[in-house]
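Here the structure is laid out as structure tokens; the discussion comes afterwards.
The residues of the chain are indexed from 1 along the displayed sequence.
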Amino acid sequence: MAASIKNNNRLSLVMERTGRRVSQEIPPDVVIEVGEVNFNLHKFMLVAKSNYLRKLIIDSKEPDLSRINLSDIPGGPESFEKAAKFCYGVNFEITVHNIAALRCAAEYLQMTDKYSDVNLTSRTEEFLSQVALTSLTAAAIVLKSCEDLLPMAEELKIVQRCVAVASTKACNEALFPSISPPNWWTEELSILNIAFFEKIIEGMKSRGAKAPTIASVIVTYAETWLRDLVRDHSGTGKTSSDPSDPGARSVQRDLLESIVKLLPSDMAALPIGFLCCLLRTAIFLRASNSTKHELERRVSALLEHVTVDDLLVVSFTYDGERLFDLESVRRIVAGFVEKERNVAVFNATDFSEVCSAAMVRVAKTVDAYLGEVATCCELSIAKFNGIANLVPKEARKVEDDLYRALDIFLKAHPSLDEIEREKACNAMNPLKLSYEARVHASKNKRLPLQIVLHALYYDQLKIRSNTKKDHNVKEVVTTRSQVQADVSLIRENEALRKELTKMKMMASDVPKKQGSSSNKVITVRRPTLFSTMSKTLGKLNPFKHGSKDTSNIEDIVDIAKPRRRRFSIS
């Protein structure tokens, strides 16, 4: 091995000295045209290595061919210059950046070992196998250089070999990182054009790469090639470049659509903020409906994890000054509600009565989102209610957030009349407001009168309900003592009844005497046993305080005629 390397080095030195001597002592006899560059060379030095040039010179009808056009050689003037140096034995550097072009040029010029030992073809193949295709970075660079060498680079299997190496190395790095940071390799692959990048992704999938690994490569690639359109994940609407060139926008649109087709099937593999940025980019670039609907479907599947800022990314322009698109947000929310309804049917639950925790979170996010977009003057009542009414009523236990959004909307649209304000408030149920919100609503002059009356009426119902509850509590406390009092009263009445029976028997034995004089006035009689018992019974009368008390009326009978009264108007 060492002997062969030494012999090759000696041969290179001999060829280099020979080439210099030939170029200095013998005048050139042929001009090779490669594009706009002309090379003055010697035929016998070229035909010794290139079978293509040998055939061209021999088969030429001209007796003395002095000009040859090789403008279609792969790699252009740079590649031919290095191939000519090789023919002259002049040393030059072979790198991962020029190896693919040299290999294609050698194939084009037919510089194989069949016509000359250790020719350019074998030299380039040796470099490919031993140097260029041993690392992910080198393979990516070689693959990048093949973009201008098609289709010959594919015919020579250079592209396929680079893709195989890069895919394998990428999968290994994803599982067992060897360099920090762990995702360094994603940046190495992001230099490729979309056609080669698709081949890399397909190669990684065929080798069993997991969805998060594929997602990380796609995110880095999209941020590299659509930097000004996808770089903002915060949803703050930072200013981004607006490509006015229709050609540039068309290229970006095709690139975006290709990236969306590469997304892994696992919905949770990609960051939700990244998906929202892709959707905004698709709307901005006017991508195909299939591309937008696919992104909306992915965002809808993860809507419970979406923040208000993520939805604002989709809705506002890049400068954050005006509304961009509300239909996408409406379709996203509608898709999530439909999914939740299907899940409820599958689980045999009533979706109209029970909402999942995810649905409740989405309801809060939607209400907060409406509060953010309500300030836009171009937002119509129909669009506002169109999104608000998508959320099931059962998902809002308290509608304070929706009330806040409505209040902001009415404040931003002061020209609405009473009927229009009532239409705007149709999405809200005033009976679901908290006490603080109802107090605020009762004093809010922007609200229609009907909503204010509903809030006040509900407060009255609450007050009555609370008063009735307090009264019931007091009744429960006094019921026991009242029952005990009734029992004792019954016992006393029974004892008095017995005493009364005895007194009636004693009274029947007393002789009855009547006075005969009519002029005598009956005076106060002496107290008898019966009157004494009557007074006693009167004092024990349980209805003494509930009706007129007659226990103190004297036992006097006045038989005098009543005074006649004259009725007059005087």
Side-chain angles (χ1 to χ4, degrees), residues 183 186-187 189-190 192-195 197-198 200-202 204-205 211-243 248-320 323-336 339 365 369 373:
N183 289 336
T186 61
E187 297 182 0
L189 297 179
S190 63
L192 304 173
N193 65 8
I194 187 62
F197 184 73
E198 288 175 351
I200 295 290
I201 296 298
E202 292 173 0
M204 294 179 66
K205 290 180 178 179
T213 302
I214 301 297
S216 63
V217 187
I218 293 176
V219 170
T220 304
Y221 188 84
E223 290 179 345
T224 300
W225 288 86
L226 299 172
R227 182 181 302 276
D228 293 334
L229 300 175
V230 189
R231 65 181 179 181
D232 181 19
H233 289 194
S234 62
T236 55
K238 298 294 184 183
T239 302
S240 181
S241 64
D242 185 356
R249 180 172 293 194
S250 177
V251 171
Q252 290 178 331
R253 179 168 56 249
D254 295 339
L255 178 61
L256 174 66
E257 293 176 354
S258 299
I259 290 174
V260 172
K261 292 178 182 179
L262 295 176
L263 299 180
S265 57
D266 185 4
M267 298 291 184
L270 288 161
I272 187 64
F274 173 74
L275 288 174
C276 291
C277 287
L278 281 185
L279 179 55
R280 176 178 63 177
T281 304
I283 299 170
F284 175 71
L285 296 176
R286 298 181 180 178
S288 63
N289 290 332
S290 61
T291 299
K292 290 189 289 187
H293 291 165
E294 173 63 20
L295 292 172
E296 290 170 359
R297 185 177 68 88
R298 289 177 175 272
V299 175
S300 179
L302 302 173
L303 189 57
E304 60 181 297
H305 305 293
V306 171
T307 63
V308 177
D309 288 341
D310 294 330
L311 292 180
L312 293 178
V313 166
V314 180
S315 304
F316 281 91
T317 54
Y318 281 95
D319 55 9
L323 277 179
F324 199 42
D325 186 90
L326 284 180
E327 285 301 309
S328 291
V329 176
R330 188 189 62 79
R331 287 191 293 266
I332 289 169
V333 177
F336 180 82
K339 184 194 74 170
T365 302
Y369 166 78
V373 301

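Other residues, nucleotides and ligands place no more than 12 heavy atoms under 6.0 Å from the CD atom of E187.
Minimum heavy-atom separation, V314 to R280: CA-CB, 4.4 Å. Residue E198 comes nearest to S258 through the heavy atom pair OE2-CB, 3.6 Å, listed as atom of the first residue, atom of the second, then distance. Between A269 and A215 the shortest heavy-atom distance is O-CB, 3.6 Å. Across all non-hydrogen atoms, the minimal contact from L270 to L302 is O-CD1, 4.3 Å.
E294 contributes atom CD, which lies 13.0 Å from atom CG of N289 (distance to the nearest 0.5 angstrom). Remark: R298 CZ to L275 CG distance equals 7.0 Å, nearest 0.5 Å. In this structure, L229 CG and Q252 CD are separated by 5.0 Å, a value rounded to the nearest 0.5 Å. Atom CG of L295 sits about 10.0 Å away from atom CZ of R297, to the nearest 0.5 Å. Taking CZ of R286 as the start and OG1 of T281 as the end, the distance is 14.5 Å to the nearest 0.5 Å. Here the CD1-NZ distance, from I200 to K205, works out to 13.0 Å after rounding to the nearest 0.5 Å.
For the pair T220 and S216, the minimum side-chain heavy-atom distance is 4.5 Å or more. Using a 4.5 Å heavy-atom threshold, the side chains of L278 and F274 count as touching. At least one side-chain heavy atom of S315 sits under 4.5 Å from a side-chain heavy atom of Y369. Using a 4.5 Å heavy-atom threshold, the side chains of T317 and F284 count as separate. A heavy-atom distance below 4.5 Å is found between the side chains of E257 and S288. Using a 4.5 Å heavy-atom threshold, the side chains of L311 and C276 count as separate. Side-chain atoms of S328 and R331, non-hydrogen and from C-beta on, do get closer than 4.5 Å to each other. Between L303 and V333, the closest side-chain pair of non-hydrogen atoms falls below 4.5 Å.
Remark: E327 engages R330 in a salt bridge, criterion side-chain N to carboxylate O under 4.0 Å. Using a 4.0 Å cut-off between charged nitrogen and carboxylate oxygen, R227 and E223 do not count as a salt-bridge pair.
Between the side chain of D310 and the backbone N or O of T307 there is at least one donor-acceptor pair closer than 3.5 Å. Using a distance-only test at 3.5 Å, with no hydrogens or angles considered, no donor-acceptor pair links the side chain of T291 to the main chain of A287. At least one donor-acceptor pair under 3.5 Å links the side chain of Y221 to the backbone N or O of L192. Of the possible polar contacts, one joining the W225 side chain to the S190 backbone as a donor-acceptor pair under 3.5 Å is found.
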- Test side-chain contact (heavy atoms from CB on, under 4.5 Å) applied to I332 and L279, step by step: CA-CA 11 Å; I332 289 169; L279 179 55; 3.8 Å; yes
- Message: Under the criterion side-chain contact (heavy atoms from CB on, under 4.5 Å), I'd like the reasoning laid out for F197 against V217: C-alpha separation, chi angles, the key distance, then a yes or no.
- Response: CA-CA 10 Å; F197 184 73; V217 187; 3.4 Å; yes
- Could you walk me through whether N183 and T186 pass the side chain to side chain donor-acceptor pair (under 3.5 Å) check? CA-CA 6 Å; N183 289 336; T186 61; 5.5 Å; no
